[in-house]
Amino acid sequence: MMADPVEVKFKKNNQTNENSIFCLKLNVPSQLINMRILSRFLILQFIFISGFSQSAVNRIDSLMKSLYQPDVPGAVIAIELHHNIIFKKSYGLADINSQRSITPNDNFNIGSLTKQFTAYALLDLYFKGKFSLNDSIGKFFKLPDTLSGIRISQLLSHSSGIPDHYLLTDTNKVKHATDKDVLTALQRAGSLYFISGTQYRYSNTAYCLLGLLIEKLSGMTYPAFLQQQIFVPLGIKDATVFQINRRIPHRVTGYDLNKNGKFIRSDAGESIFFSTEADGGIYISMNNYLKWCEAIETGKFSKSKMIHYSWQGHTYVGTHQDLWYGCGWFIQQKNDGQSPEIIYHTGFNGGFRTVVFMIPSQEFCICIFSNRSDIDLENLVSKINNILSIDDNSFIKSGPLESFIHSWPIFAPCKETRSFSTSFKKNSNAKDMVLN
């Protein structure tokens, strides 16, 4: 008879809080639960199934503690192997004023990780026959002639050459920009950066337009469509898209570290473009994001053809590595040119930084959400992979951002950074803007 699944939690220092557990779901007969030998059996099973020793897990915990102290903004991390959570823990504060600690149920702004949801939602409509990927954006929206011929597929894969909306927006009239404000700003656009379909250039503007396209095709708002088509079917509760004056439950606050070593609030109230929706507006908890990751990895919720299309390289990024952009994902392809070897994405919005890193063939996944902008999460992922002896030679880390200005932001697809702002902060000077 098939055993009932039992979630077994590996506790550290007798702590029972979910913030500090090592957990693994095993098909263990419930009769064994009361046996004294279970603990030894489970530890052996944990090492065998995960391939990672307790020592390696402890080293990851120590690394995270060295970066995220308990009395400052922090992070939540989860590591999965073979669809089992082998490590999940939270560090630091969700909000400095309230001194509330971060938990895996707290909702972070995930920045550009939003784009994978936007891409999935749009492809859902595509496979339902609502439009063609070869359709031009001008078929759906009134735009200048120079922009109207851009194809939907080119917006999805960052090969459109569409001008960024930041310097085109009348910031004297906009306090919290929306995707509709982006469309309004584009009415002032002149020429493209390049002929559509010929180059790669990361574009938040493109995904704002795609969010509006989802609304036009579905007859629903972007947040409502995600709720109906993704969140509810996956049992995801409390996830939402930022909207003015709408309460976000279990909300985490974002922070920057200033030159005096003090954390300052860097959230929706501090940046006009923080609030655009389809390029980086989702708030979701780590626990809920893991449901999304499991769904797209296993195909139990998602249509495999949609994920297959998203995980194919559609636009060559043009680095020394074989790096491509799919639909909401960066792709390092295998030699067959079809299967992804590594897929990942980063997010950066206000004081939030996020990263998801997957090796599909090994069913390996790392997710980190942070509410402070001063720690390089790509570098952190690389250190964790080194501890776990994960081969990530194909994973292109950010390095000094200055060296990638020509294709900014390949490695930290973001709306805003402290060094190179792609958002208008209050009292920001336009000459400090760098277009992405």
Side-chain angles (χ1 to χ4, degrees), residues 110-143 147-166 168-169 177-187 189 192-193 196-197 200-230 241-243 273 275-282 292 296 302 306-307 309-312 314-315 325-330 345 347 349 413-415 422 436:
I110 58 171
S112 285
L113 269 59
T114 297
K115 291 181 174 67
Q116 57 203 240
F117 292 88
T118 300
Y120 180 92
L122 191 65
L123 289 173
D124 180 52
L125 292 167
Y126 164 69
F127 283 110
K128 289 176 179 176
K130 298 292 186 180
F131 72 100
S132 168
L133 290 170
N134 289 323
D135 283 341
S136 64
I137 192 65
K139 178 179 177 179
F140 305 97
F141 301 107
K142 180 177 173 55
L143 287 165
L147 277 60
S148 61
I150 296 172
R151 295 179 179 181
I152 307 304
S153 60
Q154 294 164 345
L155 294 171
L156 272 168
S157 61
H158 295 309
S159 61
S160 68
I162 194 169
D164 294 299
H165 60 274
Y166 303 111
L168 300 171
T169 303
T178 65
D179 290 353
K180 291 180 180 178
D181 292 317
V182 172
L183 180 61
T184 299
L186 289 175
Q187 306 307 316
L192 299 171
Y193 290 134
S196 298
Y200 165 87
R201 195 176 199 274
Y202 192 90
S203 176
N204 290 312
T205 305
Y207 270 73
C208 290
L209 286 182
L210 295 177
L212 294 175
L213 182 59
I214 290 169
E215 294 187 337
K216 182 174 281 288
L217 295 171
S218 68
M220 303 171 65
T221 66
Y222 173 77
F225 189 82
L226 294 190
Q227 193 72 28
Q228 178 177 296
Q229 298 299 318
I230 298 177
V241 179
F242 179 87
Q243 294 173 286
F273 293 103
S275 50
T276 48
E277 296 104 324
D279 64 328
I282 288 179
W292 162 254
I296 61 175
S302 58
M306 294 163 65
I307 298 305
Y309 187 86
S310 296
W311 286 1
Q312 281 185 317
H314 298 292
T315 301
Y325 199 86
C327 298
W329 295 92
F330 286 97
H345 215 288
N349 193 16
C414 63
K415 298 160 120 179
T422 56
N436 63 343

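Please read these numbers as outputs of a predicted model, since none were measured by experiment.
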**Q.** From CA spacing to verdict: side chain to side chain contact (heavy atoms under 4.5 Å, CB included), Leu226, Ile282
**A.** CA-CA 10 Å; Leu226 294 190; Ile282 288 179; 3.7 Å; yes
Working to the nearest 0.5 Å, report the span between [atom1] of [X] and [atom2] of [Y].
X	Y	atom1	atom2	result
Leu123	Ser310	CG	OG	4.5 Å
Ser275	Asn349	OG	CG	9.0 Å
Met220	Gln228	CE	CD	4.0 Å
Leu125	Leu210	CG	CG	11.0 Å
Ser148	Lys142	OG	NZ	9.5 Å
Leu213	Leu209	CG	CG	8.5 Å

Q) Mind checking what makes ring pair (Phe, Tyr, Trp, His ring centres under 6.0 Å) contact with Phe141, not counting sequence neighbours? A)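 Testing Phe141 for ring pair (Phe, Tyr, Trp, His ring centres under 6.0 Å), a comparison that skips the adjacent residues, returns none.
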Q | Non-neighbouring partners of Phe225 that pass ring pair (Phe, Tyr, Trp, His ring centres under 6.0 Å), sequence neighbours left out | A |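 Partners of Phe225 under the ring pair (Phe, Tyr, Trp, His ring centres under 6.0 Å) test: none.
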Specify whether [X] and [Y] have parallel, tilted or perpendicular ring planes, treating 30° as the upper limit for parallel and 60° as the lower limit for perpendicular.
X	Y	result
Phe273	Tyr166	perpendicular
Tyr202	Phe330	parallel
Tyr325	Tyr207	perpendicular

Residue pair [X] / [Y]: nearest heavy atoms and the distance that separates them:
X	Y	result
Ala121	Ile214	CB-CD1, 3.7 Å
Asp164	Thr205	CA-OG1, 3.4 Å
Ser157	Thr315	O-OG1, 2.9 Å
Leu113	Gly347	CD1-N, 3.6 Å
Ala119	Gly328	CB-N, 4.2 Å

Those residues that, when tested against [X], pass side-chain hydrogen bond (donor to acceptor under 3.5 Å, both in side chains) (two or more places apart):
X	result
Ser160	none
Thr178	Asp181
Gln243	Arg246

(Q) Any non-hydrogen side-chain atom of Leu156 less than 4.5 Å from a side-chain atom of Leu133? (A)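 Yes, side chains in contact.
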Q: For the residue pair Lys115 and His158, establish whether any side-chain heavy-atom pair is separated by less than 4.5 Å.
A: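 A side-chain contact exists here, since the closest heavy-atom pair is under 4.5 Å.
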Q) side-chain contact (heavy atoms from CB on, under 4.5 Å) with Ser196: which residues, sequence neighbours excluded? A)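 By the side-chain contact (heavy atoms from CB on, under 4.5 Å) rule, Ser196 matches Ile150, Gln154, Leu192.
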(Q) The criterion is side-chain contact (heavy atoms from CB on, under 4.5 Å); which residues satisfy it with Ala185, sequence neighbours excluded? (A)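 Scan of Ala185 (side-chain contact (heavy atoms from CB on, under 4.5 Å), adjacent residues dropped) gives His165, Leu168, Thr169, Arg188.
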Q: Give the intermediate values and the outcome of side chain to side chain contact (heavy atoms under 4.5 Å, CB included) for residues Leu183 and Lys180.
A: CA-CA 5 Å; Leu183 180 61; Lys180 291 180 180 178; 5.6 Å; no
**Q.** Pairs involving residues 216-226, ordered by first then second residue, that meet side-chain hydrogen bond (donor to acceptor under 3.5 Å, both in side chains) (sequence neighbours left out)
**A.**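 Applying side-chain hydrogen bond (donor to acceptor under 3.5 Å, both in side chains) to every pair that reaches into residues 216-226, excluding sequence neighbours, yields Thr118-Tyr222.
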Q: Report the C-alpha separation of Ser112 and Asn204 in whole Å, then their side-chain angles, then the decisive distance to 0.1 Å, and conclude whether the side chain to side chain contact (heavy atoms under 4.5 Å, CB included) test is met.
A: CA-CA 8 Å; Ser112 285; Asn204 290 312; 3.9 Å; yes
Q. Excluding sequence neighbours, so at least two apart, what forms salt bridge (charged side-chain N to carboxylate O under 4.0 Å, His left out) with Lys139?
A.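 Applying salt bridge (charged side-chain N to carboxylate O under 4.0 Å, His left out) to Lys139 gives Asp135.
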Q) Is the backbone of Ala278 close enough, under 3.5 Å, to the side chain of Asp179 for a donor and an acceptor to pair up by distance? A)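 Yes, Asp179 side chain to Ala278 backbone: donor-acceptor pair under 3.5 Å.
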(Q) Please evaluate residues Phe117 and Ile110 with respect to the criterion side chain to side chain contact (heavy atoms under 4.5 Å, CB included), reporting the C-alpha separation (whole Å), side-chain torsions for both, the decisive distance (0.1 Å), and the verdict. (A) CA-CA 11 Å; Phe117 292 88; Ile110 58 171; 4.0 Å; yes
